[in-house]
Structures are given as C-alpha cells and as structure tokens.
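Structure first, commentary second.
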Amino acid sequence: MKKARVRTIIPAEESFEEDCARILRAIRIAARLGFHLDRETAKAVKSLSTSILRLDKTRLMMEMNYMLAYGSAEASLRLLWKFGLLEILLPVQAAYLVANGFRRRDKRSNMLLLSVNACLRSLGFYSISSTSLSAHCMYLIMIMAQLAEFVFKP
C-alpha cells in the first residue's frame with residue numbers, strides 16, 4: 001500500500017480538461033486513502049489547478065465538503081497546499097502558512113491544520129465554541145465558512 005498511486009484512466013491532462021472537478025476528486029481520494037498521485041497526474045494537477053475556478057460554486061462547495069469530511073481534512077489540506085490549490089481556494093490561509101514558514105513538503109504532524117485554525121481564529125471564525133462539537137468538526141465548519149465567503153462573494 002505504500003506505493004499506491006492515484007492515476008487517471010485516460011491521460012490526466014485530457015481527463016482534467018474534460019472535468020476539472022476530477023482534480024479535487026484526485027486530491028480527495030489520495031488524502032482519504034493515504035495514496036500519492038502518480039507523476040503524470042501530479043503534473044496535470046499543478047498545470048491545470050486554476051481551472052477549478054470554472055466549477056459551479058455549489059459544485060465547488062460540495063467537492064470541498066467531501067474533501068474535508070470523514071477525517072481526512074488534514075491530509076486534504078496538505079495535498080491542496082502541496083499542489084498550489086490552497087492559494088486558489090483559501091488564499092488567506094495559504095498566505096498565513098507562508099508567513100509562518102511552512103514549506104510545500106512540510107511533514108510536521110497536525111501543524112498544518114492547527115496553523116489554518118489559528119489563521120481562522122485571527123479572522124474571527126473561532127467564535128464557535130461548543131463542547132458538543134468535536135475539534136475536527138469545528139475546523140471543518142470554520143474552513144467551510146471561509147470557503148463559502150470566497151465562493152459566494154458578489
């Protein structure tokens with residue numbers, strides 16, 4: 001399983017040009033299963049990353065919700081950061097990570113999610129304080145609130 005890779009059936013560039021949501025799906029699958037992207041797929045994700053902005057806003061929210069749910073938020077954020085998609089989807093958080101010395105291939109355990117959380121708190125999104133919500137759920141709510149502001153702003 002260590003060498004498990006996510007790849008496309010048809011050439012990756014062709015697949016992602018056909019449906020750019022597949023970029024987010026590839027990231028989600030790799031994050032959830034702990035896989036890597038194969039070289040061709042990774043190259044296509046990087047080169048076509050801005051195409052995700054063509055997605056319908058509700059579809060983008062749906063894909064991000066799937067990506068950040070089910071216990072794979074940290075891994076998803078790491079892959080979004082690694083492939084330059086975090087700057088597109090959550091630019092404030094990406095700038096915060098750069099300012100705090102994070103590198104694309106940073107392996108510090110849980111620090112990425114904690115740093116994004118600190119950034120969200122500094123923006124006033126940490127007003128949610130309920131002991132009935134798990135910490136993971138609170139992170140997800142804060143990230144989705146920030147993403148919704150980005151996606152649905154006029």
Side-chain angles (χ1 to χ4, degrees), residues 4-99 102 104-106 112-128 130 133-154:
R5 305 245 182 242
V6 174
R7 63 186 197 120
T8 58
I9 295 171
I10 61 175
E13 290 234 359
E14 183 182 332
S15 178
F16 296 154
E17 285 172 352
E18 210 173 87
D19 181 6
C20 55
R22 290 177 183 160
I23 292 171
L24 297 176
R25 281 191 220 118
I27 297 286
R28 179 184 62 192
I29 291 166
R32 194 166 293 159
L33 300 175
F35 291 2
H36 298 280
L37 299 182
D38 80 323
R39 184 171 285 139
E40 179 195 359
T41 304
K43 184 179 173 186
V45 166
K46 285 180 184 177
S47 68
L48 297 170
S49 60
T50 56
S51 69
I52 63 171
L53 293 172
R54 293 191 325 242
L55 283 173
D56 178 63
K57 294 175 191 301
T58 52
R59 186 154 178 220
L60 180 60
M61 284 293 292
M62 180 185 74
E63 292 292 340
M64 287 300 294
N65 185 33
Y66 290 153
M67 186 179 297
L68 297 173
Y70 308 110
S72 60
E74 169 94 19
S76 297
L77 289 172
R78 282 185 183 283
L79 289 174
L80 289 171
W81 172 244
K82 179 180 177 180
F83 290 105
L85 295 163
L86 197 63
E87 289 90 334
I88 296 167
L89 297 169
L90 297 167
V92 174
Q93 288 77 5
Y96 182 88
L97 294 175
V98 169
F102 275 86
R104 296 274 176 216
R105 295 187 179 269
D106 207 325
L112 185 69
L113 193 57
L114 293 173
S115 293
V116 170
N117 177 44
C119 176
L120 288 166
R121 253 186 292 149
S122 72
L123 294 171
F125 283 98
Y126 203 71
S127 58
I128 304 165
S130 170
L133 292 175
S134 69
H136 176 66
C137 184
M138 288 171 56
Y139 294 143
L140 178 60
I141 290 168
M142 292 182 293
I143 290 169
M144 293 307 290
Q146 181 68 28
L147 184 64
E149 183 178 315
F150 166 73
V151 169
F152 294 112
K153 67 183 175 187

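Checking side-chain atoms of R59 against main-chain N and O of A21 turns up no donor-acceptor pair under 3.5 Å. A donor-acceptor pair is defined here as one N or O able to donate and one able to accept, closer than 3.5 Å; no such pair exists between the side chain of S15 and the backbone of T8. Looking at E87, its side chain never comes within 3.5 Å of a backbone N or O of A94 through a donor-acceptor pair.
In this structure, SG in C20 is found 9.0 Å from CG in L48, a value given to the nearest 0.5 Å. Note: L86 CG to S49 OG = 11.5 Å, rounded to the nearest 0.5 Å. Interatomic distance, CE of M64 versus CG of L85, reported as 9.0 Å (0.5 Å rounding). Annotation: the span from I27 atom CD1 to R22 atom CZ amounts to 15.5 Å, rounded to 0.5 Å. Summarising the geometry, atom CG belonging to L60 is positioned 8.0 Å from atom CG belonging to L53; distances are rounded to the nearest 0.5 Å. The structure places CG of L77 at 10.0 Å from CG of L89, a figure rounded to the nearest 0.5 Å.
Between R54 and E17, the shortest heavy-atom contact is NH2-O, 3.8 Å. Taking each heavy atom of Y66 and R32 in turn, the nearest pair found is O-NH2, 2.6 Å. The two atoms that bring L37 and A30 nearest to each other are CD2-CB, 4.0 Å, heavy atoms only.
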Fill in: Chi angles and distances behind the side chain to side chain contact (heavy atoms under 4.5 Å, CB included) call for I88, L80
CA-CA 9 Å; I88 296 167; L80 289 171; over 6 Å; no
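Side-chain contact check for R28 versus R25: some heavy-atom pair is nearer than 4.5 Å. Proximity of E18 to I10: side-chain heavy atoms (C-beta onward) are separated by under 4.5 Å at one or more points. A 4.5 Å side-chain heavy-atom check between M67 and L79 finds every atom pair outside the cut-off. Contact annotation: the side chain of P11 approaches that of E40 to within less than 4.5 Å [non-hydrogen atoms, C-beta and beyond].
Under a cut-off of 6.0 angstrom, the local environment of CZ in R7 is sparse, with at most 12 non-hydrogen atoms contributed by other residues, nucleotides or ligands.
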